[in-house]
Amino acid sequence: MLNVKTKSFKELTTQELYKLLQLRSEVFVVEQDCVYQDIDGKDQKALHVLGFENETLVAYTRIFKSGEYFENASIGRVVVAETKRDKQYGKLIMEASIKAIKDNFSTNKITISAQVYLKNFYSDLGFKADGEEYLEDNIPHIKMIKM
């Protein structure tokens, strides 16, 4: 079972901040072998959607209101611990993030920058590709929008 909490940057405990940065680093930097600037100055503007299994952070996203990252509200840094990907936590954290955008920002229109290999995953959640593929940190991405 995934216990989801949504918090502003100021509401995060130091342990939660450490754990979310650790999870992002484990997946995006180490597993995907991608050197990039994860600490990008945007975490302070985001709401953080944290998914816990018992007391362990296993899934995470950050969400933004319209205009903060894209023209529409957006979801980014979607991550699930490698050992937990067989439990549907990716789908659960995305559904929680979509709901958090609706509840906090009063919109259903969401833009994401999706890694191309996850295009079908996001399509199943109602996102549609918008434009051509592009490289972001040397990883193929595609802009996707949910209305």
Side-chain angles (χ1 to χ4, degrees), residues 1-9 11-12 16-17 19-34 36-54 56-147:
M1 187 71 177
L2 194 67
N3 178 23
V4 178
K5 298 177 186 177
T6 302
K7 294 186 171 194
S8 70
F9 185 80
E11 292 171 324
L12 293 170
E16 288 168 335
L17 179 60
K19 293 294 185 183
L20 75 86
L21 292 172
Q22 183 180 38
L23 180 59
R24 287 177 4 189
S25 179
E26 284 173 3
V27 174
F28 298 131
V29 177
V30 178
E31 180 185 332
Q32 294 185 349
D33 193 25
C34 181
Y36 80 109
Q37 186 63 46
D38 182 40
I39 311 293
D40 61 1
K42 294 181 176 133
D43 285 318
Q44 294 89 331
K45 295 178 181 181
L47 286 180
H48 302 268
V49 183
L50 304 111
F52 294 91
E53 183 183 74
N54 300 315
T56 303
L57 182 67
V58 295
Y60 167 85
T61 71
R62 65 181 186 180
I63 62 173
F64 296 92
K65 65 182 178 182
S66 302
E68 288 288 337
Y69 198 89
F70 288 109
E71 179 182 342
N72 303 321
S74 61
I75 303 170
R77 297 292 199 269
V78 180
V79 62
V80 175
E82 185 176 19
T83 60
K84 303 297 179 179
R85 292 186 191 147
D86 61 341
K87 296 190 173 198
Q88 301 292 311
Y89 289 164
K91 181 180 179 188
L92 294 173
I93 199 72
M94 279 300 295
E95 289 172 344
S97 300
I98 292 164
K99 183 179 184 317
I101 284 176
K102 185 176 182 179
D103 292 348
N104 289 279
F105 308 141
S106 301
T107 185
N108 291 316
K109 195 170 183 181
I110 303 167
T111 299
I112 60 173
S113 179
Q115 291 187 10
V116 171
Y117 84 97
L118 291 168
K119 186 176 171 183
N120 290 338
F121 168 77
Y122 291 116
S123 292
D124 290 346
L125 290 162
F127 289 86
K128 295 189 183 336
D130 181 43
E132 299 298 318
E133 292 180 16
Y134 55 91
L135 286 179
E136 186 174 312
D137 301 313
N138 287 319
I139 296 173
H141 281 71
I142 191 159
K143 180 179 175 183
M144 299 185 81
I145 298 177
K146 179 178 175 62
M147 299 293 196

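A quick note: this is a predicted structure, and the numbers were derived from the prediction, not measured.
- R85 places a side-chain N or O within 3.5 Å of a backbone atom of V80 that can act as its donor or acceptor partner.
- Annotation for E71: atom CD does not count as buried by contact number, only 12 or fewer foreign heavy atoms lying within 6.0 Å.
- In this structure, the separation between CD1 on I101 and CD1 on I75 is 4.0 Å, given to the nearest 0.5 Å.
- Listed for the H48 side chain is a donor-acceptor partner under 3.5 Å among the backbone atoms of D43.
- Residues M144 and A114 come closest through the heavy atom pair SD-CB, 3.8 Å.
- The CG atom of D130 sits 11.5 Å away from atom OG of S113, with the distance rounded to the nearest 0.5 Å.
- Annotation: the span from I112 atom CD1 to F127 atom CZ amounts to 4.5 Å, rounded to 0.5 Å.
- Side-chain atoms of K143 and T111, non-hydrogen and from C-beta on, do get closer than 4.5 Å to each other.
- Counting only distance, with no hydrogens or angles, the side chain of T107 and the backbone of K109 share a donor-acceptor pair below 3.5 Å.
- No donor-acceptor pair closer than 3.5 Å links the side chain of E68 to the backbone N or O of K65.
- In K146, the NZ atom is crowded: over 12 heavy atoms of neighbouring residues, nucleotides or ligands sit closer than 6.0 Å.
- What you find for M1 and Y89 is that their closest heavy atoms are N-OH, 3.7 Å.
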Discussion item. side-chain contact (heavy atoms from CB on, under 4.5 Å), that's the test. Do R62 and R24 meet it? Break it down for me.
Written reply: CA-CA 11 Å; R62 65 181 186 180; R24 287 177 4 189; 4.2 Å; yes
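- Shortest non-hydrogen contact noted between K42 and D40 is N-OD1, 3.0 Å.
- Among all heavy-atom pairs drawn from K84 and E53, the shortest one is NZ-OE1, 2.6 Å.
- Judged as a ring-ring contact (aromatic ring centres under 6.0 Å, His included), and not counting sequence neighbours, F70 has no contacts.
- Heavy atoms of other residues, nucleotides or ligands lying less than 6.0 angstrom from NZ of K91 number 12 at most.
- Listed for the S66 side chain is a donor-acceptor partner under 3.5 Å among the backbone atoms of A73.
- Distance check, rounded to the nearest 0.5 Å: OG1 of T6 to CG of D103 gives 8.5 Å.
- Taking OH from Y60 and CG from L20, the interatomic distance works out to 4.5 Å, rounded to the nearest 0.5 Å.
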Discussion item. Checking Q115 against F121 for the side-chain contact (heavy atoms from CB on, under 4.5 Å) test, could you report, in this order, the C-alpha distance in whole Å, the side-chain angles of both residues, the deciding distance, and whether it holds?
Written reply: CA-CA 10 Å; Q115 291 187 10; F121 168 77; over 6 Å; no
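- A pairwise comparison of heavy atoms in I93 and G51 identifies CD1-N, 3.7 Å as the closest pair.
- Not a single donor-acceptor pair under 3.5 Å links the side chain of D137 to the backbone N or O of I139.
- Residues passing the ring-ring contact (aromatic ring centres under 6.0 Å, His included) test with Y69, sequence neighbours excluded: F64.
- Nearest approach of A59 to L57, heavy atoms of both residues: O-CD1, 3.3 Å.
- Atoms CG and CD1, on L118 and I142 in that order, are 12.5 Å from each other to the nearest 0.5 Å.
- At a threshold of 4.5 Å between non-hydrogen side-chain atoms, the residues T61 and V78 count as touching.
- Taking 4.5 Å as the limit, every side-chain heavy atom of L92 sits out of range of all side-chain heavy atoms of V4.
- Judged by distance alone, with hydrogens and angles left aside, the side-chain atoms of S25 form no donor-acceptor pair with the main-chain N or O of L21 at under 3.5 Å.
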